[in-house]
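Reviewing the structure listed below.
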Amino acid sequence: HLPVHFGTDAALALSMCKVIIDEDLHNKRFIQEQTDLSLLVRKDNGRFLRGNDVVSGERDDQFYWLDEKSGQAFPAPRGSLSLGDVSPALEGSVSVTLADGTQVEAEPAFVRLRRTLEGYTPEAASRVCGAHPDAIRSLARKVATRKTKIMAGWNQGKSYHGDLMERAMCLLLAVTGNWGKPGNGTQSWAI
C-alpha cells in the first residue's frame, strides 16, 4: 500500500510510467503489439498518420508504423494485432510524402509520450501526491517486473477528472504489459 493524497493517483501513475520508461523496464513487444504507442503521429497537426493522408482514396482508419529495420513508414495491419516478425519502432521519426506531394515528419506516439512524461519525475510527483520519491521508484520497478492488478473503487470515476486518473493507471499497465492475462489488469468494486 502506498498512501497518496486524495485525487492525485494520476501524478503517481504517470511518475511510475516515467521511471519504467527511463530505466528501460517497459515491455516493448507488448507496447508494439497491444497499444497505439507504435503508430505514427504527424508532427504538423498531432494526428495519427492515416491512409488517406498518404494515398488518395485510401481508408481513414489505415494507420502506419515506422519499420525499425528499413526506417520507412509502412501500413499497420488491420486484421490482426499479431506482429509476426515485424518490429515497429518506438523511437525516431520519418519524413513521409503525402498524397498531395508535400512532405510531413511523423514520429511514433511513444516519442510523444516520453515528452509528456518529462515533468513527472518522482520528485515532482512527490510534491503532488505525498509519496516519497524513492517509494515511487520502488513501486514502479515492482510493477514493471511483476504481475500487477490495480483494484479501484467507484470513487475515481466520481472525482473531478477521475477518468484521467483511470487512464493514467491503464497507461501504467500498458507500458508494463499487465493486461490480458489472468491475475493482472484492473478490477473495480462498489460497496
Side-chain angles (χ1 to χ4, degrees), residues 9-11 13-22 24-120 143-144 150 156-157 160-181 184-186:
D9 307 73
L14 294 174
S15 180
M16 291 170 61
C17 288
K18 178 171 178 46
V19 169
I20 290 163
I21 291 170
D22 286 353
D24 201 27
L25 298 173
H26 56 283
N27 186 328
K28 180 181 175 184
R29 196 62 173 177
F30 186 88
I31 292 169
Q32 289 172 314
E33 191 174 80
Q34 300 293 321
T35 76
D36 61 1
L37 292 171
S38 60
L39 297 178
L40 288 173
V41 177
R42 292 174 52 157
K43 290 184 180 182
D44 64 336
N45 63 14
R47 289 178 42 109
F48 285 115
L49 182 65
R50 298 169 182 273
N52 58 8
D53 291 339
V54 179
V55 178
S56 184
E58 177 61 84
R59 299 176 66 115
D60 186 51
D61 60 354
Q62 175 61 64
F63 300 104
Y64 288 81
W65 284 331
L66 173 60
D67 179 40
E68 279 187 330
K69 295 175 188 166
S70 70
Q72 299 298 311
F74 67 96
R78 294 179 26 78
S80 172
L81 293 175
S82 177
L83 294 176
D85 61 352
V86 176
S87 186
L90 295 180
E91 304 286 348
S93 67
V94 63
S95 182
V96 179
T97 303
L98 300 179
D100 65 7
T102 61
Q103 296 277 319
V104 68
E105 288 292 314
E107 62 191 357
F110 189 79
V111 172
R112 298 172 72 86
L113 173 63
R114 269 191 190 274
R115 280 197 302 272
T116 299
L117 295 176
E118 285 175 3
Y120 288 93
V143 169
I150 295 175
Q156 287 169 333
Y160 185 64
H161 293 307
D163 61 324
L164 299 178
M165 288 186 265
E166 291 171 350
R167 287 174 186 229
M169 287 183 241
C170 287
L171 177 64
L172 176 62
L173 296 175
V175 299
T176 58
N178 271 305
W179 75 44
K181 300 175 208 106
N184 64 15
T186 61

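Note that the structure is predicted; figures quoted are calculated from it, not measured.
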Are any of the side-chain heavy atoms of [X] and [Y] separated by less than 4.5 Å?
X      : Y      : answer
Arg115 : Leu113 : no
Leu173 : Asn184 : no
Gln32  : Leu83  : yes
Leu66  : Gln72  : no
Tyr64  : Asp53  : no
Val143 : Met16  : yes

Throw together a table of side-chain donor-acceptor distances under 3.5 angstrom for residues 88-96, partners on residues two or more places apart or in other chains.
unit_1	atom_1	unit_2	atom_2	d
Glu91	OE2	Arg114	NE	2.7
Glu91	OE2	Arg114	NH2	3.2
Ser95	OG	Gln103	OE1	2.5

Please, which pairs that meet salt bridge (Lys or Arg N to Asp or Glu O under 4.0 Å) have at least one residue in residues 67-77, sequence neighbours excluded?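 Counting only pairs at least two positions apart or across chains, the salt bridge (Lys or Arg N to Asp or Glu O under 4.0 Å) contacts touching residues 67-77 are Lys28-Glu68.
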Indicate the atoms forming the closest heavy-atom contact of Ala168 with Ala10, along with that distance.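 Heavy atoms of Ala168 and Ala10 come nearest at CB-CA, 3.9 Å.
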Of the non-hydrogen atoms in Leu117 and Ile21, which two are nearest, and what is the gap between them?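 Heavy atoms of Leu117 and Ile21 come nearest at CD1-CD1, 3.8 Å.
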About how many Å separate [atom2] of [Y] and [atom1] of [X], when rounded to the nearest 0.5 Å?
X     : Y      : atom1 : atom2 : result
Cys17 : Leu172 : SG    : CG    : 4.5 Å
Leu14 : Met165 : CG    : CE    : 11.5 Å
Leu40 : Arg47  : CG    : CZ    : 14.0 Å

Check: [X] side chain, [Y] main-chain N or O, donor-acceptor pair, under 3.5 Å:
X      : Y      : result
Thr176 : Ala144 : no
Glu107 : Arg112 : no
Thr102 : Leu98  : no

Once the angle between the rings of Phe110 and His26 is folded into 0 to 90°, is it parallel (under 30°), tilted (30 to 60°) or perpendicular (over 60°)?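 The arrangement is tilted - the two ring planes meet at 30° to 60°.
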Does Phe63 CZ have over 12 foreign heavy atoms under 6.0 Å away?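 Result for CZ/Phe63: enclosed.
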Check the pair Asp9, Met169 against side chain to side chain contact (heavy atoms under 4.5 Å, CB included), reporting the backbone distance first and the verdict last. CA-CA 8 Å; Asp9 307 73; Met169 287 183 241; 3.8 Å; yes
Side chain to side chain contact (heavy atoms under 4.5 Å, CB included) between Ser38 and Glu33: does it pass, once the steps are laid out? CA-CA 8 Å; Ser38 60; Glu33 191 174 80; over 6 Å; no
Which residues satisfy the ring pair (Phe, Tyr, Trp, His ring centres under 6.0 Å) test with Phe30, sequence neighbours excluded?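 In terms of ring pair (Phe, Tyr, Trp, His ring centres under 6.0 Å), with neighbours along the sequence ignored, Phe30 is linked to Trp179.
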Pair Asp61 + Arg50: basic N to acidic O under 4.0 Å: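 Salt bridge: no.
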